[in-house]
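All remarks here apply to the structure that follows.
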Amino acid sequence: MASSVFVLLLCFLLSSPVFSSQLLLLPLSHSLSSSISDFNNTHNLLKSTAARSSARFHHRRRTQHHNHLSLPLSPGGDYTLSFNLGSESHKISLYMDTGSDLVWFPCSPFECILCEGKPKVQSPLPKISNNKSVSCSAPACSAAHGGSLSASHLCAISQCPLESIEISECSSFSCPPFYYAYGDGSLIARLYRDSLSLPAPAPSPAINVRNFTFGCAHTALGEPVGVAGFGRGTLSMPSQLATFSPQLGNRFSYCLVSHSFAAERVRRPSPLILGRYYGGETEFIYTSLLENPKHPYFYSVGLTGISVGNMMIPAPEFLKKVDEGGSGGVVVDSGTTFTMLPAGLYDSVVAAFENRTGRVANRARRIEENTGLSPCYYYENSVEVPRVVLHFVGEKSSVLLPKKNYFYEFLDGGDGVGKKRKVGCLMLMNGGDEAELAGGPGATLGNYQQQGFEVAYDLAKNRVGFARRQCSTLWDSLNRS
């Protein structure tokens with residue numbers, strides 16, 4: 001199936017096609033597409049999604065004292081990708097996450113503690129041979145341990161003899177297990193290398209990326225599904241694929257099909273594109289990436305304000321930059337669903353929204369309590385809501401959001417208890433006071449607000465871009481090509 005394979009496109013600029021450089025096209029599947037029953041109760045779906053977005057945003061500060069990479073909360077994200085690993089071609093399906101830079105997944109034997117109600121572990125699990133382990137002296141080993149321990153320390157932990165450590169002859173000793181703690185769980189994993197198989201269109205042979213580095217977890221707490229880290233780091237998937245082709249590591253983009261929690265639409269694949277294709281490049285609105293010394297794998301950008309209708313609401317100064325302590329900026333995150341804003345900015349946006357929409361529609365307080373979203377409104381036929389524009393740092397760096405990206409409309413009362421009524425909710429969330437956000441991002445741009453845009457991560461030019469797209473059409477055109 002198209003949703004479970006990579007497609008390698010080697011395209012060259014001819015007379016009319018819009019593709020000119022080597023790229024990889026990957027289909028992203030929404031995690032809810034395999035569990036359509038989750039759509040039966042809109043309140044529960046929205047509440048669990050809102051709670052997960054909030055928890056993921058805040059756990060980065062609760063764990064900032066650890067010198068390890070940040071991992072997403074269970075269930076980890078909304079979008080999954082698949083690939084084949086090793087000579088036996090194990091199919092691996094992972095959450096795609098721009099908020100971390102490690103690829104890891106459960107391996108046999110695997111024990112998942114407190115995983116009731118979580119996504120099921122994929123079966124069968126791969127069993128990785130010890131001869132695929134990464135050496136304790138390898139740079140990848142230090143990276144997996146957060147860069148806090150030298151090769152000598154790691155080899156000592158692996159019981160390499162002192163005389164061998166002194167003359168750097170510990171290559172036969174494996175990288176010791178590493179521990180990750182995150183918001184509501186943790187895991188212990190070992191580091192391995194194996195071939196990553198990328199099936200190409202027939203009759204071309206499969207493409208193999210040798211010595212792909214990944215974490216293999218045998219024990220996890222609250223996390224039965226692995227993660228494909230797309231963050232800024234040496235162990236991320238884009239960085240490692242760059243060893244196959246440097247062009248693949250310089251730029252990637254994704255285009256999330258607008259689904260609005262609709263079961264029939266969430267089944268459509270969303271294109272994830274590694275590399276560059278020359279189609280509609282002038283349509284992108286770019287803003288520069290900010291360096292974060294404490295969270296170097298984040299894609300942080302600056303936000304100068306948010307327009308609600310004709311009112312421009314300035315953003316606090318800490319959202320425009322990142323300080324030496326790692327505080328501030330806005331993280332563009334594929335693994336968080338709803339955008340999280342600091343309390344002051346969020347309250348101002350809600351007040352402006354209420355001033356416009358609250359005049360013509362009644363607040364749906366019960367819906368707010370049941371979903372964790374606010375404000376929500378009841379209305380009869382249709383309701384006008386003000387436009388919302390995100391103003392990023394830089395000239396001509398303002399992004400107009402489609403209404404469906406920030407105002408979700410659904411029919412309430414379909415449970416047979418009450419009268420069916422139309423309701424709509426603002427899909428932005430309160431991330432907490434500025435003091436609570438110290439040591440981490442000031443805000444997060446969630447994937448719900450990214451729907452219907454091609455979001456490009458241009459690492460060569462150190463920027464992130466946004467372009468309005470019909471994502472399903474883009475998938476079809478790239479797939480045909």
Side-chain angles (χ1 to χ4, degrees), residues 32 37-58 73 78 117 258-263 306-311 313 315 336-390 401-437 443-449 451:
L32 291 174
S37 61
D38 289 345
F39 289 92
N40 290 340
N41 191 320
T42 303
H43 290 184
N44 289 345
L45 175 61
L46 293 177
K47 188 169 186 176
S48 63
T49 304
R52 193 172 71 244
S53 297
S54 179
R56 176 176 167 89
F57 178 63
H58 287 101
L73 292 168
D78 295 321
S258 298
H259 60 78
S260 296
F261 298 109
I306 299 177
S307 288
V308 180
N310 295 324
M311 179 183 294
I313 303 170
T336 298
T337 307
F338 299 140
T339 291
M340 307 295 299
L341 299 175
L345 180 59
Y346 171 80
D347 290 342
S348 296
V349 169
V350 168
F353 208 90
E354 175 72 4
N355 186 53
R356 174 77 173 270
T357 307
R359 294 178 177 179
V360 296
N362 296 321
R363 286 288 288 270
R365 302 289 183 181
R366 183 179 63 85
I367 301 298
E368 295 174 0
E369 294 175 1
N370 291 341
T371 63
L373 298 170
S374 178
C376 296
Y377 301 94
Y378 288 121
Y379 55 92
E380 294 300 326
N381 297 315
S382 62
V383 61
E384 288 190 14
V385 298
R387 69 172 193 163
V388 172
V389 181
L390 304 178
L401 294 180
K403 175 184 174 182
K404 60 187 175 183
N405 282 34
Y406 61 90
F407 192 74
Y408 178 49
E409 299 177 86
F410 61 98
L411 195 63
D412 179 57
D415 55 4
V417 176
K419 177 183 178 182
K420 292 184 178 180
R421 303 179 68 181
K422 293 181 178 180
V423 65
C425 295
L426 180 66
M427 305 295 268
L428 305 174
M429 294 188 64
N430 186 340
D433 295 333
E434 180 176 345
E436 301 174 13
L437 305 180
T444 297
L445 180 64
N447 62 53
Y448 194 87
Q449 280 64 50
Q451 292 181 112

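Just the heavy atoms: all of them, side chains too, but no hydrogens, waters or symmetry mates, feed the values below.
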How many angstroms lie between OG1 in T444 and CG in L341, if you round to the nearest 0.5 Å? 9.0 Å

Under the rule for side-chain contact (heavy atoms from CB on, under 4.5 Å), what residues qualify as partners of V423, not counting sequence neighbours? A364, I367, C376, Y378, F410, D412

Going by an N to O cut-off under 4.0 Å, is there a salt bridge joining K403 and E409? yes

Check whether any side-chain N or O of Q449 sits under 3.5 Å from a backbone N or O of T339 as a donor-acceptor pair, and report yes or no. yes

My understanding is that only residues two or more places apart in sequence, or in another chain, count here; which of them pass salt bridge (charged side-chain N to carboxylate O under 4.0 Å, His left out) with E384? none

Tell me, please, which residues at least two apart from T357 pass side-chain hydrogen bond (donor to acceptor under 3.5 Å, both in side chains). none

Output the distance between atom CG (L426) and atom OH (Y406), rounded to the nearest 0.5 Å. 9.0 Å

From N405 atom CG to L428 atom CG, the distance as rounded to the nearest 0.5 Å: 10.0 Å

Taking only Lys NZ, Arg NE, NH1 and NH2, and the carboxylate oxygens of Asp or Glu, determine whether E368 and R365 approach each other closer than 4.0 Å. yes

Under the side-chain hydrogen bond (donor to acceptor under 3.5 Å, both in side chains) test, which residues partner E434, sequence neighbours left out? none

Non-hydrogen atoms of P386 and G309 that approach each other most closely: CB-N, 3.6 Å

Residues that V389 engages under side-chain contact (heavy atoms from CB on, under 4.5 Å), provided they are two or more places apart: S307, R387, H391, S398, L400

Output a table of donor-acceptor pairs, distance under 3.5 Å, between side-chain atoms of residues 343-355 and any protein atom two or more places apart or on a different chain; print 'none' if there are none.
unit_1	atom_1	unit_2	atom_2	d
Y346	OH	S374	O	2.7
S348	OG	G344	O	3.1
E354	OE1	R363	NH1	3.4
E354	OE1	Y377	OH	2.5
N355	OD1	R359	NH2	3.2

